There are 2 protein chains.
Amino acid sequence: MVLYAGQGDAQRSMSLLWRGPDPASGSASDRRPSRPGPKQGLSVDAIVEAAVAVADEQGMAALSMRAVGQRLGRTAMALYTYVPSKAELIDLMYDKVLGELPAEHDLSRGWRAALTAWARETRAFYLRHPWVLQVSQARPVLGPNEFATLEALARVLHGTGLPAPVLRGVIGAVAQFVRGAAQVVADARQAARATGVGDEEWWFSRSPLLERHAPDLARRFPLVVWINQDDPPAVPDADDAPYLERDAMHNFTVGWEVLLDGIEASIAKHGGDQR
Amino acid sequence: MVLYAGQGDAQRSMSLLWRGPDPASGSASDRRPSRPGPKQGLSVDAIVEAAVAVADEQGMAALSMRAVGQRLGRTAMALYTYVPSKAELIDLMYDKVLGELPAEHDLSRGWRAALTAWARETRAFYLRHPWVLQVSQARPVLGPNEFATLEALARVLHGTGLPAPVLRGVIGAVAQFVRGAAQVVADARQAARATGVGDEEWWFSRSPLLERHAPDLARRFPLVVWINQDDPPAVPDADDAPYLERDAMHNFTVGWEVLLDGIEASIAKHGGDQR
DNA sequence: CACCGTACTTTACGCTGTAAGGAGTGGCAA
DNA sequence: TTGCCACTCCTTACAGCGTAAAGTACGGTG
């Protein structure tokens with residue numbers, strides 16, 4: 001078996017992700033208690049925390065090594081003493097914030113209620129840390145909190161008695177739905193902040209232009225017009241939310257109901273042997 | 001009503017998106033038939049086509065004005081004669097490739113079959129142009145093909161008789177599911193190409209490290225282990241597909257079934273008055 | 001006290017989108 | 001025919017990015 005590139009970095013990456021509690025600084029495993037030279041003024045934890053703050057406040061695009069360094073009163077290059085590269089820093093950020101999600105859910109009122117609570121928490125989490133949505137889904141980070149959140153979701157659905165391969169598909173669908181729904185809202189907020197133009201004003205400025213360039217819209221795309229014929233019914237949680245967000249909240253609740261009913265049908269089909 | 005920034009660009013953007021057939025070059029509306037100065041060596045269409053080619057071949061990250069210019073034998077700045085900025089170019093790319101999607105679907109065998117055909121086509125489309133997944137969802141481009149694809153999807157589901165607000169939610173869920181499922185595969189391919197490490201080798205290099213740093217995985221996260229206990233059943237379309245992609249295909253079919261059953265339940269609830 | 005490993009800094013490279021200004025082309029009015 | 005000038009396309013420039021390379025200053029250990 002030939003070993004490919006990325007192996008050395010994987011070493012560093014794994015020990016950073018799984019490093020134990022951090023008494024003062026550095027990682028517990030590869031750090032001698034005393035060493036020559038100046039004292040360490042930073043720590044991996046401090047750097048990750050600062051990076052999360054930058055990303056939360058200014059978005060993933062503004063997350064630069066220089067920006068993180070500046071927040072800590074250092075240059076960009078100082079960070080490379082603690083973290084091998086920006087990619088590993090993002091992995092650490094990702095696994096750290098995943099720790100905010102609860103590991104347990106109340107199953108006493110059935111899986112539908114528990115899964116809905118999970119969805120609401122996860123949605124709120126994504127909107128609190130919208131940059132998480134830009135972390136690639138392709139290869140898992142394999143950090144402790146990533147495993148913990150997956151375990152928590154699996155625990156909610158395990159009681160349905162669905163066989164493992166089906167459960168994998170259901171978990172994927174559910175996770176993707178919440179992620180996608182949050183993405184739309186996060187993108188909209190990002191756009192509003194980046195351009196300084198809110199959704200409502202944006203639409204008011206586009207609408208007459210569309211009318212001019214495509215006056216026959218209603219004839220060419222009758223169903224698009226029909227679908228948007230009326231405002232969404234009020235949604236309890238989002239009375240004060242701006243334009244697009246109220247719409248997004250409505251779509252979220254409708255789509256979520258569809259998904260839950262679909263899971264119910266799947267349980268009926270594949271035999272839920274437990275309650 | 002105060003008009004905000006972005007208005008002037010919106011003008012240009014709209015006339016580029018909705019410009020009629022392109023006899024030789026330039027846009028039909030704001031281009032006089034003859035003009036002083038050197039002949040135009042490029043055209044908006046040629047630039048958009050070249051940009052799509054670059055993005056298809058090298059990914060969104062490699063799409064630079066210099067790269068597009070080079071493919072056309074010009075410098076980056078030459079493009080600015082035809083296109084106001086990179087943002088508008090991406091809008092044009094997006095609306096152009098959306099034109100590849102079919103506008104009609106065979107409804108003779110019911111909405112389930114038609115919607116499934118739609119999903120397969122859309123998934124294949126995303127994998128053909130993975131960069132499309134990185135175009136922001138927040139604010140629609142309002143181009144002709146964007147309307148056309150939405151109309152096509154609405155037409156498939158209109159026959160269910162679902163009321164408009166519910167249909168909006170269903171359309172959103174369906175579109176998000178396909179987009180998310182394609183995203184995972186696209187990200188994986190991108191990662192494999194960028195790092196030169198395939199999924200299988202990647203896992204083989206990570207697995208022993210994980211074992212070393214977290215030897216109690218099975219005890220801490222029993223359901224994560226249980227869920228992945230066995231290989232996914234073979235899926236017809238993806239026998240030759242690599243590792244992760246076969247898994248992704250399985251999840252896609254399972255999740256899709258869940259979604260279809262959920263829509264069925266929604267029709268039963270909200271009264272499908274048509275067939 | 002000298003040594004030398006360490007924390008951190010400065011400098012540098014090639015990349016990005018695009019503003020600014022310059023060069024050469026060619027239709028049209030004088 | 002000449003000169004104008006709108007036009008296409010070019011070169012140059014700037015501030016920003018991740019990070020390699022080299023330099024500086026600190027301080028525990030021989």
Side-chain angles (χ1 to χ4, degrees), chain A residues 5 8-9 12-13 24-27 30-44 46-47 50-51 54-55 58-93 131 134 194-195, chain B residues 5 8-9 12-13 24-27 30-44 46-47 50-51 54-55 58-93 131 134 194-195:
Chain A
D9 289 328
R12 272 301 286 280
S13 180
S25 68
S27 89
D30 60 9
R31 188 84 173 95
R32 279 166 290 132
S34 104
R35 62 203 307 185
K39 295 217 159 51
Q40 288 192 313
L42 296 178
S43 69
V44 176
I47 290 171
V54 170
Q58 274 136 307
M60 194 64 142
L63 179 76
S64 68
M65 299 303 271
R66 285 168 175 86
V68 176
Q70 189 166 49
R71 181 175 279 258
L72 294 164
R74 303 292 142 93
T75 64
M77 292 309 291
L79 309 183
Y80 286 89
T81 303
Y82 302 87
V83 157
S85 80
K86 191 185 180 185
E88 273 81 6
L89 174 55
I90 292 175
D91 285 354
L92 291 169
M93 293 166 63
W131 51 269
Q134 294 179 54
T195 64
Chain B
D9 290 329
R12 271 301 285 281
S13 181
S25 67
S27 86
D30 61 8
R31 187 86 174 94
R32 278 166 291 130
S34 104
R35 63 203 304 186
K39 296 218 159 48
Q40 287 191 315
L42 296 178
S43 69
V44 176
I47 289 171
V54 169
Q58 274 136 302
M60 193 64 142
L63 179 76
S64 69
M65 300 303 271
R66 285 171 176 85
V68 176
Q70 189 167 48
R71 182 173 277 258
L72 295 164
R74 301 296 143 91
T75 64
M77 292 310 290
L79 309 183
Y80 285 89
T81 303
Y82 302 87
V83 155
S85 82
K86 191 185 179 184
E88 273 80 6
L89 175 56
I90 291 176
D91 285 354
L92 292 169
M93 293 167 62
W131 53 268
Q134 293 178 55
T195 65

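Reckoned from all heavy atoms, side chains included, excluding hydrogens, waters and symmetry mates. Proteins come first, then strands; the chains are lettered A, B, ... in the order of their sequence lines, and each starts at number 1. In this text, all values refer to a predicted model and were calculated from it rather than measured experimentally.
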- Does a side-chain N or O from B:Lys39 land closer than 4.0 Å to OP1 or OP2 of D:dC9, or not? no
- Find the distance between CG (B:Leu63) and CD1 (B:Ile90) and round it off to the nearest 0.5 Å. 6.0 Å
- Query: To the nearest 0.5 Å, how far apart are CD1 in A:Ile47 and CZ in A:Arg74?
  - Reply: 9.0 Å
- Judged by atom type as modelled, is there a donor-acceptor pair below 3.5 Å linking the side chain of A:Tyr80 to the main-chain atoms of A:Ser85? no
- Query: Atom CD of B:Gln40 and atom P of C:dG27: how far apart are they, to the nearest Å?
  - Reply: 13 Å
- Message: To the nearest 0.5 Å, what is the distance between CE on B:Met93 and CE on B:Met60?
- Response: 6.0 Å
- A:Thr75 side chain near C:dC8 phosphate (N/O to OP1/OP2, under 4.0 Å): no
- Once each nucleotide of nucleotides 14-23 of chain D is scored for protein heavy atoms under 4.0 Å, what B/S/- sequence comes out, 5' to 3'? ---BBBBB--
- Separation of B:Tyr82 atom OH from D:dT8 atom P, in whole Å? 6 Å
- Query: Touch check for A:Ala78, heavy atoms < 4.0 angstrom, all strands: base, sugar-phosphate only, or nothing?
  - Reply: base
- Measure the spacing between CE of B:Met77 and CZ of B:Arg66 and express it to the nearest 0.5 Å. 9.0 Å
- Message: Measure CD/A:Gln70 against P/C:dT10 and give the value in whole Å, please.
- Response: 13 Å
- Note on the structure: Sorted by chain and residue number, the salt bridge (Lys or Arg N to Asp or Glu O under 4.0 Å) partners of B:Arg71 (sequence neighbours excluded) come out as B:Glu57
- Message: Can you measure B:Arg74 atom CZ to D:dT11 atom C1' for me and round it to whole angstrom units?
- Response: 16 Å
- Note on the structure: Rounded to whole Å, the CE-P distance (B:Met60 to C:dT16) equals 15 Å
- Message: Rounding to an integer number of Å, can you tell me how far A:Leu72 CG sits from C:dT9 P?
- Response: 11 Å
- Item | Nearest-angstrom distance from the residue atom CD1 of B:Ile47 to C1' of D:dC9 | 12 Å
